[in-house]
Amino acid sequence: MSARANPRSTESRIAARARTLGFDAFGITDPTAVSEAGQRLRAFLADGRHGDMDWLAETETRRADPLQLMPAARSVIAVGLSYAPSTDPLQALDARNHAVISVYAKGRDYHDILKGRLKQLAGFIAAETKADLKVFVDTAPIMEKPLAAAAGLGWQGRHTNLVSRDHGSWLFLGLVLSAAALAPDAPESDHCGTCRRCLDICPTDAFPAPYQLDARRCIAYLTIEHRGHIPLEFRQPIGNRVFGCDDCLAVCPWNKFAAASRETRFAASAATDNPPLADILSLDEAAFRRSFAGTPVKRTGRARIIRNALIAAGNSGNPDLLSQVIPLLDDGSALVRAMAVWALATLASEPEFAKHRAQRAPGETDTTVAAEWARLEPARPFDREAT
């Protein structure tokens, strides 16, 4: 009889407590079970596919080996919390005048919710095992997805995210490293088969091969993590995605088994439920902080969100948005001004664009913003009169 099959075992009691706390998935593995994940991480970094996420390279050694974080660890307890949406998030891509915000960021910041529950579970584990432990939720340098797969919560799909038989591609993950020697669960096998839906739907071809991601081409990375100007080749494919991208997750066939999340705090607020682009473009710093307080969007900051919203405005084809775009040509952030120039070029007539260029380009001090004005002035590929 396995430890989990024995209802009186420590492992079974911990699993039952996890269910009581509201976790949707649970498993145990050994901290040495994912050595190959460290090799994949090194290859990912060597190819530069992490972009400007410098912390991945800085924490490579610790990230590749859980024992670097806790040398005494003998077990890894992995838990998952479903954030599955009740509707298809891809439908919002058709509402071109509205901003699409990734499902995971629509409600309260999952770090707060997951860490609170995980600390309660850790307290129970400590009482049961009388052993030291450490709690990890996403922000720590540890490889949650490979460890969760090794613990049997699911498998890493071709889109590199965890896929669950019961919860599809919609699980938040948390880990507890424990000095207690707990019986491990069997890892889940890969059930992707020959399916390519997640690879083929990617608007920017961010998957060089199955199970490989080039973050530099990923819309989630570009709109959330990337601190600089978004390259021209990705602007139109971004569409109206203002924070993140759910495409590869949403098309996973295993989602059909996922019930909508039970956690009401993951529900969208008025500010995150695909709000009008005009509303986002009108936000100053104080209004931005108020609107997105308590959500993951706030961490990215106003400048990057307005940068993304301007790209969405340019892709909307709606010249009515010019009343929000034009004031941002004078914004204090160069990220914002550069994309305001791009949105202006896509939405305004030739005479109006030329007027604003004459007023602002000569005095522009940022080289990237100046380059946007210069690039668009001699040959305007977005001129509607020429198409």
Side-chain angles (χ1 to χ4, degrees), residues 93 95-101 203-204 219 222-224 226-243 271 274-289 291-292 297 300-387:
L93 296 174
R96 307 296 286 182
N97 292 316
H98 289 254
V100 175
I101 293 176
T204 52
I219 292 176
L222 290 167
T223 58
I224 300 172
H226 183 50
R227 297 184 292 271
H229 299 279
I230 293 179
L232 179 63
E233 67 174 302
F234 301 126
R235 294 175 193 172
Q236 289 184 336
I238 282 175
N240 58 338
R241 301 170 184 84
V242 168
F243 188 91
N274 306 320
L277 286 170
D279 291 355
I280 293 183
L281 292 170
S282 301
L283 296 174
D284 60 17
E285 184 67 37
F288 170 81
R289 290 179 174 274
S291 295
F292 295 108
V297 179
T300 296
R302 172 188 176 272
R304 277 184 267 179
I305 297 302
I306 301 300
R307 172 198 64 185
N308 303 339
L310 284 163
I311 291 174
N315 288 326
S316 72
N318 181 8
D320 291 343
L321 289 174
L322 283 170
S323 59
Q324 281 78 42
V325 170
I326 290 171
L328 295 171
L329 294 169
D330 302 311
D331 194 83
S333 167
L335 283 180
V336 172
R337 294 198 306 277
M339 288 307 94
V341 175
W342 187 81
L344 178 73
T346 65
L347 298 175
S349 65
E350 177 72 37
E352 185 170 15
F353 178 84
K355 178 188 72 174
H356 289 289
R357 182 182 183 278
Q359 292 172 349
R360 293 174 173 84
E364 179 56 61
T365 58
D366 183 86
T367 56
T368 304
V369 181
E372 287 289 327
W373 284 116
R375 179 182 62 79
L376 294 169
E377 188 271 336
R380 297 186 59 236
F382 311 107
D383 190 347
R384 291 190 302 278
E385 296 176 2
T387 58

What's the shortest heavy-atom distance between [X] and [Y], and which atoms?
X: Ser282; Y: Gln324; value: OG-CG, 3.5 Å
X: Val369; Y: Ala334; value: CG2-O, 3.5 Å
X: Val325; Y: Ala313; value: CG2-CB, 4.3 Å
X: Val242; Y: Ala312; value: CG2-CB, 4.0 Å
X: Leu277; Y: Ala309; value: CD2-O, 4.0 Å
X: Pro231; Y: Leu222; value: CD-CD2, 4.4 Å

Answer yes or no: is there a donor N or O on one side and an acceptor on the other, between the side chain of [X] and the main chain of [Y], under 3.5 Å?
X: Asn240; Y: His98; answer: yes
X: Arg337; Y: Asp330; answer: no
X: Arg307; Y: Gly228; answer: yes
X: Asn315; Y: Ile311; answer: yes
X: Asn97; Y: Asn318; answer: no

Practice problem: Apply side-chain contact (heavy atoms from CB on, under 4.5 Å) to the pair Val297 and Ile101, showing each step before the final yes or no. | Solution: CA-CA 9 Å; Val297 179; Ile101 293 176; 4.2 Å; yes
Quiz item: Charged N to carboxylate O below 4.0 Å: is that the case for Glu364 and Arg360?
Solution: no
Note, [X] side chain near [Y] side chain (heavy atom, < 4.5 Å):
X: Leu283; Y: Ser291; answer: yes
X: Leu232; Y: Arg375; answer: yes
X: His356; Y: Trp373; answer: yes
X: Ile219; Y: Pro203; answer: yes
X: Asn308; Y: Ile238; answer: no
X: Arg241; Y: Leu93; answer: yes
X: Thr300; Y: Phe243; answer: yes

Rounded distance (nearest 0.5 Å) linking atom [atom1] of [X] with atom [atom2] of [Y]:
X: Thr346; Y: Leu322; atom1: OG1; atom2: CG; result: 8.0 Å
X: Glu350; Y: Arg357; atom1: CD; atom2: CZ; result: 10.5 Å
X: Leu281; Y: Ile305; atom1: CG; atom2: CD1; result: 11.5 Å

Quiz item: Quick one: which of Asp366, Thr367, Val341, Leu344 gives a side chain to side chain contact (heavy atoms under 4.5 Å, CB included) with Glu372?
Solution: Val341
Self-check item: Among Leu335, Ile224, Thr223, the one residue meeting side chain to side chain contact (heavy atoms under 4.5 Å, CB included) with Arg304
Solution: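 Only one of Leu335, Ile224, Thr223 forms a side chain to side chain contact (heavy atoms under 4.5 Å, CB included) with Arg304, namely Leu335.
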Exercise. Go through the steps to decide whether Glu352 and Ile326 satisfy the test side-chain contact (heavy atoms from CB on, under 4.5 Å), and finish with yes or no.
Key: CA-CA 10 Å; Glu352 185 170 15; Ile326 290 171; 3.5 Å; yes
Quiz item: Of all residues at least two apart in sequence or in a different chain, which pass the ring-ring contact (aromatic ring centres under 6.0 Å, His included) check with Phe288?
Solution: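 Once residues adjacent in sequence are excluded, the partners of Phe288 under the ring-ring contact (aromatic ring centres under 6.0 Å, His included) criterion are Phe292.
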Exercise. Verify side-chain contact (heavy atoms from CB on, under 4.5 Å) between Met339 and Arg235, making sure each step is shown before the conclusion.
Key: CA-CA 10 Å; Met339 288 307 94; Arg235 294 175 193 172; 3.3 Å; yes
Quiz item: What do the steps show when you test Asp284 against Arg289 for salt bridge (charged side-chain N to carboxylate O under 4.0 Å, His left out), and what is the final call?
Solution: CA-CA 9 Å; Asp284 60 17; Arg289 290 179 174 274; over 6 Å; no
